[in-house]
Amino acid sequence: MNSSILILPGSVRLGSYNRKLASEAMRLLAMTDAVISRVDLADYPLPIYDGDVETESGVPQNAQLLAQRIAAQDGLLIVSPEYNASVPPLLKNAIDWASRVRKVDERPVQPFKGLVVGLASASPGSFGGMRGLEAIRIVLRALGAEVMTQQCIVPRAADGFDENGRLTDDVARTSLESLCERLLDTARSLTRHG
Ligand SMILES: Cc1cc2nc3c(=O)[nH]c(=O)nc-3n(C[C@H](O)[C@H](O)[C@H](O)COP(=O)(O)O)c2cc1C
């Protein structure tokens with residue numbers, strides 16, 4: 001069976017550099033035999049996590065749908081900005097809610113356990129979002145994901161894409177190609193599904 005990779009941008013902003021980078025990754029992965037899909041967190045609106053909300057109303061359906069979708073993948077590519085050197089709240093909140101999903105259709109589910117995850121980030125700054133990726137790494141490792149050491153950063157992202165959304169910098173392009181290739185190889189070798 002062909003491996004499935006889900007691409008998850010950590011920003012829903014119109015004109016987002018990370019969404020552009022996610023599109024580049026999608027284009028590269030679409031040239032392989034993998035089954036590629038992309039999730040837009042705007043399609044899964046969630047309240048800020050609150051234990052009382054969970055106690056009173058349970059885990060929201062959008063979190064269950066998101067968790068189910070993630071759980072069905074062999075690999076996940078998160079392409080996210082850093083906010084104040086850490087995980088943007090939109091992404092962290094989605095991960096937090098998804099981590100509260102224990103069962104889908106009466107079957108136990110741990111969406112991140114054993115999931116191969118690649119990380120990428122674009123930022124207008126010179127760090128390229130690398131500090132945020134370290135923070136995401138900690139979160140996902142705590143949830144049992146197999147987070148790849150290799151990552152891709154695109155610093156100075158305001159100049160990083162041409163009018164067609166293609167990466168302008170050879171180093172960044174090679175880095176993304178290599179990350180996608182390794183993510184797919186690792187997902188194939190560690191596949192969680194038959
Ligand atoms: C609250 C906040 C904090 C930010 N902190 C950082 C930061 O620590 N490092 C950085 O490189 N950029 C930081 N930025 C700038 C973002 O990288 C920039 O807004 C970027 O365009 C967001 O990603 P996007 O284009 O994919 O939406 C921050 C932006 C906001 C709104």
Side-chain angles (χ1 to χ4, degrees), residues 5-30 36-50 62-63 66 69-70 73 75-99 111-112 115-143 145 147-180 182-183:
I5 307 283
L6 182 67
I7 301 176
L8 170 55
S11 170
V12 295
R13 189 178 72 83
L14 224 64
S16 156
Y17 303 124
N18 287 279
R19 285 177 59 181
K20 285 184 185 172
L21 188 56
S23 297
E24 278 289 77
M26 184 123 190
R27 191 177 61 77
L28 292 170
L29 284 164
I36 310 301
S37 57
R38 172 177 177 151
V39 63
D40 186 342
L41 288 177
D43 294 334
Y44 297 84
L46 289 164
I48 292 290
Y49 180 84
D50 175 343
N62 278 341
L66 188 61
R69 204 162 158 196
I70 291 170
Q73 309 298 319
L76 178 69
L77 179 63
I78 294 182
V79 188
S80 177
E82 68 176 22
Y83 279 4
N84 297 318
S86 193
V87 192
L90 175 75
L91 177 63
K92 181 64 164 53
N93 192 51
I95 293 173
D96 286 345
W97 270 120
S99 76
F112 298 100
L115 180 66
V116 177
V117 182
L119 301 177
S121 178
S123 159
S126 53
F127 288 112
M130 65 191 298
R131 299 167 304 179
L133 294 188
E134 286 313 303
I136 297 173
R137 195 176 287 284
I138 290 168
V139 173
L140 291 174
R141 284 204 172 131
L143 295 172
V147 189
M148 294 167 57
T149 306
Q150 189 177 347
Q151 62 187 28
C152 169
I153 55 161
V154 179
R156 292 169 287 280
D159 301 319
F161 300 89
D162 69 17
E163 63 280 8
N164 298 314
R166 297 286 166 86
L167 281 164
T168 52
D169 181 61
D170 287 345
V171 175
R173 192 181 320 105
T174 306
S175 165
L176 186 65
E177 284 169 1
S178 170
L179 177 68
C180 289
R182 184 69 72 85
L183 172 64

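Indexing begins at 1, ligand by ligand and atom by atom, following the structure's order. Along the sequence shown, residues carry numbers from 1. Just so it is clear, the structure is predicted and the values come from calculations on it, not from any experiment.
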Check each N or O atom of ligand 1 against all protein N or O atoms and list the pairs under 3.5 Å, with atom names and distances to 0.1 Å, one per line.
| from | atom 1 | to | atom 2 | distance (Å) |
| --- | --- | --- | --- | --- |
| ligand 1 | 5 (N) | N84 | N | 2.7 |
| ligand 1 | 8 (O) | E82 | OE2 | 3.4 |
| ligand 1 | 8 (O) | N84 | N | 3.1 |
| ligand 1 | 8 (O) | A85 | N | 2.8 |
| ligand 1 | 8 (O) | R131 | NH2 | 3.4 |
| ligand 1 | 9 (N) | E82 | OE2 | 2.6 |
| ligand 1 | 9 (N) | R131 | NH2 | 3.4 |
| ligand 1 | 11 (O) | E82 | OE2 | 3.4 |
| ligand 1 | 11 (O) | S123 | OG | 2.5 |
| ligand 1 | 23 (O) | N18 | ND2 | 3.4 |
| ligand 1 | 25 (O) | R13 | NE | 3.4 |
| ligand 1 | 25 (O) | R13 | NH2 | 2.8 |
| ligand 1 | 25 (O) | Y17 | N | 2.9 |
| ligand 1 | 26 (O) | S16 | OG | 2.5 |
| ligand 1 | 26 (O) | Y17 | N | 3.4 |
| ligand 1 | 26 (O) | N18 | N | 3.0 |
| ligand 1 | 26 (O) | N18 | ND2 | 2.8 |
| ligand 1 | 27 (O) | S11 | OG | 2.8 |
| ligand 1 | 27 (O) | R13 | NE | 2.9 |

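If you take CG on L21 and OG on S11, they are separated by 11.5 Å, rounding to the nearest 0.5 Å.
In summary, R137 and E134 engage in a salt bridge, as defined by a charged side-chain N under 4.0 Å from a carboxylate O.
For R182, the CZ atom sits in a loose shell: 12 or fewer heavy atoms of surrounding residues, nucleotides or ligands are nearer than 6.0 Å. Within 6.0 Å of the CE atom in M130, the count of heavy atoms belonging to other residues, nucleotides or ligands does not exceed 12.
For residues 11-21, no pair satisfies salt bridge (Lys or Arg N to Asp or Glu O under 4.0 Å), with sequence neighbours left out.
Shown here for Q150 and S178, the closest heavy-atom pair between the two residues is NE2-OG, 2.5 Å.
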